[in-house]
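Below is one structure, written out as structure tokens, with a few remarks after it.
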Amino acid sequence: QVQLVESGGGSVQAGGSLRLSCAASGYDYSNYCMAWFRQAPGKEREGVTGISPGGGRTYYADSVKGRFTISRDNAKKELYLQMNSLKPEDTAIYYCAAGSGYCYFPPPEYQYNNWGQGTQVTVSS
């Protein structure tokens with residue numbers, strides 16, 4: 001049974017940093033595309049960053065480029081999102097997700113059939 005469990009969310013002031021983690025279990029993690037999606041109140045869920053199974057390919061939405069860094073540790077079966085220079089518009093529930101097959105970027109939701117429960121990130125001005 002595939003399980004993804006996020007941690008590391010919280011509340012910070014604008015300009016601050018947070019690091020999200022996602023612990024995976026129940027599948028061959030090192031063969032899966034991984035991505036972070038987020039959903040802000042009243043908005044559709046969007047894929048903000050993705051990473052290929054070996055970590056050689058990454059994607060960042062323009063809104064987070066230069067501020068967020070995705071990484072993965074296949075030995076530990078963990079996914080990370082380092083978020084710096086946070087802005088109020090980054091406020092959202094953040095989800096990690098796993099998808100099989102070729103990693104298309106931006107990450108399309110239809111490819112990702114395993115999701116974590118989400119972790120809240122709140123950035124105040």
Side-chain angles (χ1 to χ4, degrees):
Q1 181 180 354
V2 176
Q3 260 199 320
L4 297 171
V5 180
E6 300 100 336
S7 61
S11 298
V12 295
Q13 290 192 326
S17 298
L18 282 173
R19 187 186 193 223
L20 305 184
S21 298
C22 174
S25 62
Y27 70 106
D28 190 1
Y29 175 80
S30 62
N31 283 338
Y32 276 66
C33 308
M34 297 298 297
W36 289 97
F37 291 78
R38 70 184 181 186
Q39 187 165 24
K43 295 188 177 181
E44 292 188 357
R45 189 158 55 185
E46 62 170 336
V48 294
T49 179
I51 189 167
S52 59
R57 293 173 57 230
T58 56
Y59 161 83
Y60 297 94
D62 287 344
S63 58
V64 305
K65 201 171 293 182
R67 301 187 297 120
F68 288 14
T69 303
I70 189 172
S71 61
R72 64 190 296 164
D73 186 328
N74 285 348
K76 294 183 178 179
K77 293 190 174 182
E78 291 194 346
L79 179 73
Y80 309 103
L81 181 62
Q82 179 65 44
M83 304 185 293
N84 298 329
S85 302
L86 282 161
K87 304 176 180 180
E89 51 263 44
D90 294 318
T91 295
I93 300 174
Y94 284 72
Y95 301 89
C96 71
S100 58
Y102 182 78
C103 301
Y104 293 98
F105 295 144
E109 282 200 41
Y110 67 80
Q111 186 179 12
Y112 291 79
N113 51 7
N114 298 290
W115 295 79
Q117 81 286 355
T119 186
Q120 177 71 46
V121 171
T122 302
V123 185
S124 58
S125 56

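The first residue in the sequence is number 1, and the count goes up from there.
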Is there a side-chain contact between C103 and P53 in this structure, where contact means two heavy atoms from C-beta onward sitting under 4.5 Å apart? yes

Check the orientation of Y32 and Y27. Use parallel for under 30°, tilted for 30 to 60°, and perpendicular for over 60°. perpendicular

Identify, with sequence neighbours excluded, every residue that meets side-chain hydrogen bond (donor to acceptor under 3.5 Å, both in side chains) alongside N31. D28

Keeping N74 on the side-chain end and K77 on the backbone end, is there a donor-acceptor pair under 3.5 Å? no

Is any side-chain heavy atom of Y80 closer than 4.5 Å to one of T69? no

Can you get from Y60 to Y94 by hopping between Ile, Leu, Val, Met, Phe, Trp and Tyr side chains that sit under 4.5 Å apart? yes

Do D90 and K87 sit within salt-bridge range, that is, some charged N less than 4.0 Å from a carboxylate O? no

Without swapping roles, check the side chain of E109 against the backbone of F37 for a donor-acceptor pair under 3.5 Å. no

Does I70 reach the side chain of Y59, with side-chain heavy atoms less than 4.5 Å apart? no

Within the 4.5 Å heavy-atom criterion, are Q39 and E46 side-chain neighbours or not? no

Assess the residue pair L18 and V121 against the criterion (side-chain contact (heavy atoms from CB on, under 4.5 Å)); give the C-alpha distance rounded to whole Å, side-chain angles, the decisive distance to 0.1 Å, and a yes or no. CA-CA 9 Å; L18 282 173; V121 171; 3.9 Å; yes

Is there a donor-acceptor pair closer than 3.5 Å between any side-chain N or O of R45 and the backbone N or O of A40? no

Give me the atom names and distance for the closest heavy-atom approach of S125 to A14. CA-CB, 4.3 Å

Taken to the nearest 0.5 Å, the spacing of R72 CZ from L79 CG works out to 7.0 Å

Restricting to non-hydrogen atoms, name the atom on Y95 and the atom on Q117 that form the minimum distance, rounded to 0.1 Å. CE2-O, 3.7 Å

Beyond-backbone contact of M83 with L20, side-chain heavy atoms, under 4.5 angstrom: yes

R57 side chain to S52 main-chain N or O, any donor-acceptor pair under 3.5 Å? no

Nearest heavy atoms of T91 and V123, plus distance in Å: OG1-N, 2.9 Å

Taking all atoms of both residues into account, what is the closest heavy-atom pair of Q82 and S17, and its distance? NE2-CB, 4.0 Å

Let's go through S63 and R38 carefully: what are the C-alpha distance in whole Å and the side-chain angles of both, what is the deciding distance for side-chain contact (heavy atoms from CB on, under 4.5 Å) to 0.1 Å, and is it a yes or a no? CA-CA 12 Å; S63 58; R38 70 184 181 186; 3.5 Å; yes

Least distance between heavy atoms, G99 atom then Y112 atom: N-CD2, 3.4 Å

For E78, give me all partners under salt bridge (charged side-chain N to carboxylate O under 4.0 Å, His left out), at least two apart in sequence or on another chain. none

Given side chains that start at C-beta, do those of L81 and F68 come closer than 4.5 Å, heavy atoms only? yes

In short, G47 meets A61 closest at the heavy-atom pair O-CB, 4.3 Å

Let me confirm one number: the OG1-CE distance from T58 to M34, rounded to the nearest 0.5 Å. 14.5 Å

State, yes or no, whether a side-chain contact exists between W36 and E6 at a heavy-atom distance under 4.5 Å. yes

